[in-house]
Visitor: 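So that we are looking at the same thing, I have put the structure below in structure tokens.
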Amino acid sequence: GAVVSQHPSRVICKSGTSVKIECRSLDFQATTMFWYRQFPKKSLMLMATSNEGSKATYEQGVEKDKFLINHASLTLSTLTVTSAHPEDSSFYICSARGASGRIDNEQFFGPGTRLTVL
Amino acid sequence: GQNIDQPTEMTATEGAIVQINCTYQTSGFNGLFWYQQHAGEAPTFLSYNVLDGLEEKGRFSSFLSRSKGYSYLLLKELQMKDSASYLCAVSGAGSYQLTFGKGTKLSVIP
């Protein structure tokens, strides 16, 4: 149990286009979902926290108009990178927290999405 | 604020024991996680400590001292497949957010 999927796993796009990444909790309801970004050889940096049905809370320095997050249901959150630029190329990982966690604040991670902006 | 420190890289021999340390300074504390991450993949859960002491799970053990802001992950009987990055992450008080350290890249050599 507690499986989180992400789609797509890899995406290459042209500069200026928008890319949508989906994060789904497959066998549990995720009350909270988190979006992280990881640059090569760096650790995970939290971008935003989203609760179902409410606006996401963005970390300092993360542009909410550039990284649009929608958490419309208890099993789906989406991250849209708008007007992507080469510096947005990174590994984006989502995680989900739900009532089925063995530990109350445990997060279950998706497999990540590798975004390359040309 | 949150500050988490762990060594950048470590090398150990197959079959040996290795200890990866993590020190943290956080505003409040609600548990410490250790994750394993292979290159290009998502982190996978290894252990969780919220009380002082040692948690053992097979070849992996994790220790916590809240008064010292210190934890370690102990890996026994190292295998080549244990080569990965090991991330220390702390959950702050009243928060479900995790703050990650920069990770320790472990290389297991024959």
Side-chain angles (χ1 to χ4, degrees), chain A residues 1-7 9-10 21 23-25 30-52 56-62 90-116, chain B residues 1-10 20 22-24 26-51 55 57 62 64 73 83-107:
Chain A
V3 178
V4 176
S5 70
Q6 266 184 256
H7 178 79
S9 57
R10 285 181 175 272
I21 302 170
C23 177
R24 293 181 184 271
S25 56
T31 50
T32 308
M33 285 186 167
F34 304 86
W35 286 96
Y36 296 86
R37 181 168 51 183
Q38 186 176 34
F39 292 106
K41 298 184 180 181
K42 301 292 185 182
S43 191
L44 280 75
M45 297 298 295
L46 180 65
M47 299 175 67
T49 302
S50 74
N51 294 294
E52 184 263 340
T57 303
Y58 290 81
E59 295 300 299
Q60 193 172 11
V62 178
S90 188
F91 192 49
Y92 291 85
I93 305 175
C94 74
S95 70
R97 174 191 161 269
S100 65
R102 296 160 291 182
I103 302 159
D104 185 47
N105 53 352
E106 182 177 3
Q107 294 180 23
F108 302 95
F109 286 85
T113 297
R114 174 75 60 191
L115 170 62
T116 303
Chain B
Q2 320 269 56
N3 187 40
I4 301 174
D5 287 316
Q6 50 182 132
T8 305
E9 295 185 61
M10 297 182 72
I20 303 174
C22 171
T23 57
Y24 63 90
T26 59
S27 52
F29 180 81
N30 192 29
L32 186 146
F33 292 82
W34 283 96
Y35 286 90
Q36 180 191 63
Q37 186 181 26
H38 286 99
E41 299 180 9
T44 56
F45 172 86
L46 289 178
S47 69
Y48 172 72
N49 295 72
V50 66
L51 300 175
E55 293 283 340
K57 188 188 294 185
S62 57
L64 175 68
L73 178 69
S83 293
S85 286
Y86 291 85
L87 308 175
C88 173
V90 176
S91 178
S95 168
Y96 295 117
Q97 293 181 350
L98 294 178
T99 301
F100 283 83
K102 293 183 178 180
T104 299
K105 183 178 179 182
L106 174 67
S107 298

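Here is how names work: the chains are called A, B, and so on, in the same order as the sequence lines, proteins then strands, and each is numbered from 1. Fair warning: this is a prediction, and the values are worked out from it, not measured in the lab.
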Visitor: Would you say NE2 of A/His7 has more than 12 non-hydrogen atoms from neighbouring residues, nucleotides or ligands within 6.0 angstrom?
Guide: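 12 or below, so no.
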Visitor: Nearest heavy-atom pair of A/Met33 and A/Ala96: which atoms, and what distance?
Guide: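 Of all heavy-atom pairs spanning A/Met33 and A/Ala96, the closest is CG-CB, 4.0 Å.
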Visitor: Quick check on B/Glu41 against chain A: is it the side chain, the backbone, both or neither that has a heavy atom closer than 4.5 Å?
Guide: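 Backbone only.
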Visitor: Need one label for A/Leu44: side chain, backbone, both or neither, based on atoms under 4.5 Å from any heavy atom in chain B.
Guide: both
Visitor: Any side-chain heavy atom of A/Tyr36 sitting closer than 4.5 Å to one from A/Gln107?
Guide: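 Yes - at least one pair of side-chain heavy atoms lies under 4.5 Å apart.
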Visitor: Give, as side chain, backbone, both or neither, the part of B/Tyr96 having an atom under 4.5 angstrom from any heavy atom of chain A.
Guide: both
Visitor: Taking every non-hydrogen pair under 4.5 Å, which of B/Gly31, B/Gly40, B/Ala89 racks up the most with chain A?
Guide: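 Ranked by contacts with chain A, first place is B/Gly40.
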Visitor: Out of B/Gly103, B/Gly101, B/Ala39, which one racks up the most heavy-atom pairs below 4.5 Å with chain A?
Guide: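 Most heavy-atom pairs under 4.5 Å with chain A: B/Gly101.
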Visitor: Find out whether A/Arg24 and A/Gln6 are in side-chain contact, i.e. whether some heavy atom of one side chain is under 4.5 Å from a heavy atom of the other.
Guide: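 They are not in side-chain contact.
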Visitor: For the interface with chain A, which of B/Leu98, B/Thr44, B/Leu87 has the highest count of heavy-atom pairs at distances below 4.5 Å?
Guide: B/Leu98
Visitor: Are any non-hydrogen side-chain atoms of A/Phe109 and B/Phe45 less than 4.5 angstrom apart?
Guide: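 No, side chains not in contact.
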